[in-house]
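Each remark here refers to the structure printed beneath this line.
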Amino acid sequence: MMGNPRRFAALNTKIRALRGSLLKDSDFINLMSKDSIEGVALYLKNDTNYREVLEGTNVEGIRRGELEPLLKKYIVVQFEKLIHYFTDDYNRLFKTIFARFEIEDLKIYLRAISRGEDITKIVDFIDYPSKYGILDYEVLSSSRNIEEFVENLKGTKYYDVLKPYLNEENRKLLFYMEMNLDRLYFRMLKEDAGRLEDDDKKLFEETLGKNIDLLNIEWIYRGIKYYNLLSEELINYTLLGGREFKYKDVKELCYLRDVEKFKEAILSSKYAFLFDTKGDVDLFMERRIERYMYFEFLKYLKMGKMDITVSVAYIHLLEYEVRDLISTIEAVRYKLGFDEASKYLIRRVEGRDA
Amino acid sequence: MAVEKVAMMNIVGVIDDADEVLKELTLMEKVNLVNVLDQVEENGFALNAKEENIEKAVDLSFIGPFPKEKRYEKYLEKIEALKKIFDIDIPMNKKYLLNSYNFDDTGKEIDRIYDEVMGFYKEYTLLKDELNRISQFYKNIMHIKDIDINLGDLKGLKYFSYTFGILNKEEKQRIKRNYENILAVILHTGSSDDGEVYLVIYPKELEEETGKILRSVNFAKIDIPDEFTGMPREITTKLEIRRKNIINRITEIEENIKEYKAEYGENLNCYLSRAYMEKKIEESKDYMACTNNFFYLSGWVAVEDKKDIESTLGKHENLLVTFRDEKEISKVVPPTKLKNNRFFKPFETLVKMYGTPSYRELDPTPFLGLTYMLLFGAMFGDLGQGFILLLAGILLSRKKGKEGFGLRPAMQGSSTFNKIRTPPIRASKP
């Protein structure tokens with residue numbers, strides 16, 4: 001048994017150093033003022049810690065498909081600096097957190113397939129050295145349809161959760177599959193969290209609980225509003241272990257059936273911010289959830305306690321940062337302009353909000 | 001120790017002899033075919049205006065490409081299929097080609113054996129499939145073998161459907177907590193290696209809804225084909241019997257296959273060789289041309305092989321074989337055939353690696369052979385290393401045959417040899 005102060009002293013010192021290299025709001029303001037992807041890459045290479053992965057790359061005329069894998073590689077590089085500090089169950093938990101990237105990749109594939117796009121090129125966007133992963137991107141990219149795609153996942157934990165939905169009508173298929181992938185991820189997280197030492201377990205489950213609340217709300221909302229899922233079905237898909245919404249509350253939400261009543265219920269809860277807006281609720285729902293979690297993690301990072309919260313927070317902030325960078329690249333490419341583009345970022349830049 | 005001298009050979013013969021002539025030339029492995037039409041254009045077929053040649057010369061004006069026939073493909077496929085069934089590996093063997101034979105007869109034999117074997121082999125594959133299905137299903141039915149319910153009765157229900165399946169604990173709990181909203185009876189019927197087994201009975205009208213709910217709790221359905229009715233225990237007995245019967249029949253067929261293999265294994269080897277020869281002959285025809293009565297063929301041969309070829313082809317009457325000096329040929333560049341003694345022969349591989357010299361150039365093999373050996377020795381100047389490389393070379397040449405590896409022992413020997421004469425630098429360091 002290793003006491004928490006000892007376990008986390010070295011790690012948190014390391015993270016404090018890494019924290020300094022997280023991008024600041026001013027970086028994003030600068031990045032959005034660029035008029036080309038090359039400009040973005042150049043800034044990242046010269047003025048930020050991303051030089052770690054951009055060094056040796058000629059950014060002249062760089063394309064999105066070349067830059068994005070490097071950004072994702074950056075996460076892997078940072079991750080590898082930390083993973084050695086973890087042992088046993090902590091190590092396992094952080095590897096599971098890493099599985100999230102794989103799941104996000106699978107979603108990219110699934111969306112592209114359901115839109116009938118050519119997926120052979122996707123591999124260029126996501127093929128970064130993922131030695132903690134189990135996916136063979138070359139094989140996946142060779143799939144010609146969703147059946148083949150799922151078949152190519154055979155032998156992985158993803159196969160069993162996707163296979164039953166192959167017969168689903170096309171309109172709902174994506175919702176079911178994405179929901180089940182997320183469900184799998186959170187189930188694995190919960191399982192791993194259960195093995196942590198008591199204090200850490202409590203802390204981790206607290207964060208996890210909030211995340212689970214938000215995901216349940218999102219699924220039930222979409223399930224009722226767009227996909228007309230049975231209440232009996234919905235309740236089975238929700239995750240257990242929420243912080244504000246226990247099983248009974250979730251069940252009530254599932255059986256509301258009416259979108260307006262559902263909104264009212266959420267508006268009177270801690271998560272009112274999801275609907276309490278004049279902006280577009282549906283378009284930004286996922287971003288709102290992420291922004292909420294972003295501030296949660298930021299808070300943990302700033303508190304800097306000698307427990308698991310700092311490292312969990314750092315890993316997630318790093319992920320959000322890269323996702324914001326990818327959104328920024330898109331915004332620069334389509335010349336969205338600062339006000340429009342910042343709405344799509346997880347972080348809130350200069351106190352603006354959508 | 002040079003590039004071998006070659007000459008252009010032109011042949012005109014009666015079209016019926018074409019296959020036999022080609023077979024003989026192929027077996028000799030001494031001719032490098034070129035497109036005959038180039039030779040015709042170059043007037044390479046300027047035939048002596050003897051009376052016996054007049055017909056051949058006149059026909060030359062109606063010359064055209066050889067008709068293609070690919071019947072060998074079908075036979076090769078059939079032989080491959082038979083090889084797989086018999087589970088034998090038969091190499092091509094020249095001895096089956098030396099005597100003259102009629103490939104039409106060979107083809108008929110292949111067809112006959114193939115049809116006979118396929119007759120029972122099809123049944124064999126069908127039975128194997130069924131056996132697989134039964135094994136799978138047997139596993140399923142074992143999950144519910146202790147249930148005292150007649151499946152026929154369940155099937156006979158007018159307003160209800162049913163399904164068997166496996167649920168894990170957590171998901172079972174979910175169903176239980178929402179039982180008041182689910183319109184189905186869910187009965188625990190037993191345990192299996194994969195989890196707890198449940199029987200779900202629900203109104204037929206709610207087929208779709210029930211399906212969705214079960215899917216949301218990862219209900220692993222146990223498939224039971226419609227033809228099985230009665231108590232699960234009876235079904236398992238029926239399956240056992242069917243399985244035994246299938247296995248017996250399969251053994252019978254396997255015996256049959258063995259008999260055929262013993263009887264025809266050798267023949268297949270012969271037919272395979274002949275089919276490959278047929279393929280080779282057809283491929284050669286790409287280079288040839290013909291008229292209604294005659295065929296025309298051109299190819300490079302080594303000057304020293306001329307006599308051999310003439311004597312082999314001599315037995316065909318009415319076959320005109322002429323040779324022209326390579327200097328008279330302008331359209332085609334003569335091929336390079338390296339000619340070296342036994343000592344330098346292995347180094348030809350090395351020369352070819354860098355590029356074969358053209359016909360009119362010098363053969364650098366002896367020069368390269370000597371210098372390469374010395375330089376390699378200087379590069380790998382260590383007795384121990386040289387010895388290990390020598391061993392590796394010997395092993396490789398044993399394993400892979402002479403092709404390409406005949407060179408290694410010579411080279412590795414060289415480094416060992418060099419070392420004996422110079423002090424071992426590395427060994428003297430601390």
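Please read these numbers as outputs of a predicted model, since none were measured by experiment. To find a chain, count down the sequence lines: A is the first, B the second, and so on, and within it residues start at 1.
A 6.0 Å sphere centred on NZ of A:K225 holds more than 12 heavy atoms belonging to other residues, nucleotides or ligands. More than 12 non-hydrogen atoms from other residues, nucleotides or ligands lie less than 6.0 angstrom from NZ of A:K270.
A:L240 touches chain B through backbone and side chain together, each having a heavy atom under 4.5 Å away. For A:I235, the parts lying under 4.5 angstrom from a heavy atom of chain B are both the backbone and the side chain.
Put simply, of A:L230, A:L234, A:V161, the one with the most heavy-atom pairs under 4.5 Å next to chain B is A:L230.
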Compile the donor-acceptor pairs, distance criterion under 3.5 Å only, formed between chain A and chain B.
| unit_1 | atom_1 | unit_2 | atom_2 | d |
| --- | --- | --- | --- | --- |
| A:E168 | OE1 | B:R215 | NH1 | 2.9 |
| A:E168 | OE1 | B:R215 | NH2 | 2.7 |
| A:Y176 | OH | B:R215 | NH2 | 3.4 |
| A:I235 | O | B:R174 | NH1 | 3.0 |
| A:N236 | O | B:R174 | NH1 | 3.1 |
| A:N236 | ND2 | B:S216 | OG | 3.0 |
| A:T238 | O | B:R174 | NH1 | 3.2 |
| A:T238 | O | B:R174 | NH2 | 2.6 |
| A:K251 | NZ | B:R177 | O | 3.0 |
| A:K251 | NZ | B:N178 | OD1 | 3.2 |
| A:K251 | NZ | B:E180 | OE2 | 2.5 |
| A:Y255 | OH | B:N178 | OD1 | 3.4 |
| A:Y255 | OH | B:N178 | ND2 | 2.9 |
| A:Y255 | OH | B:N181 | ND2 | 3.0 |

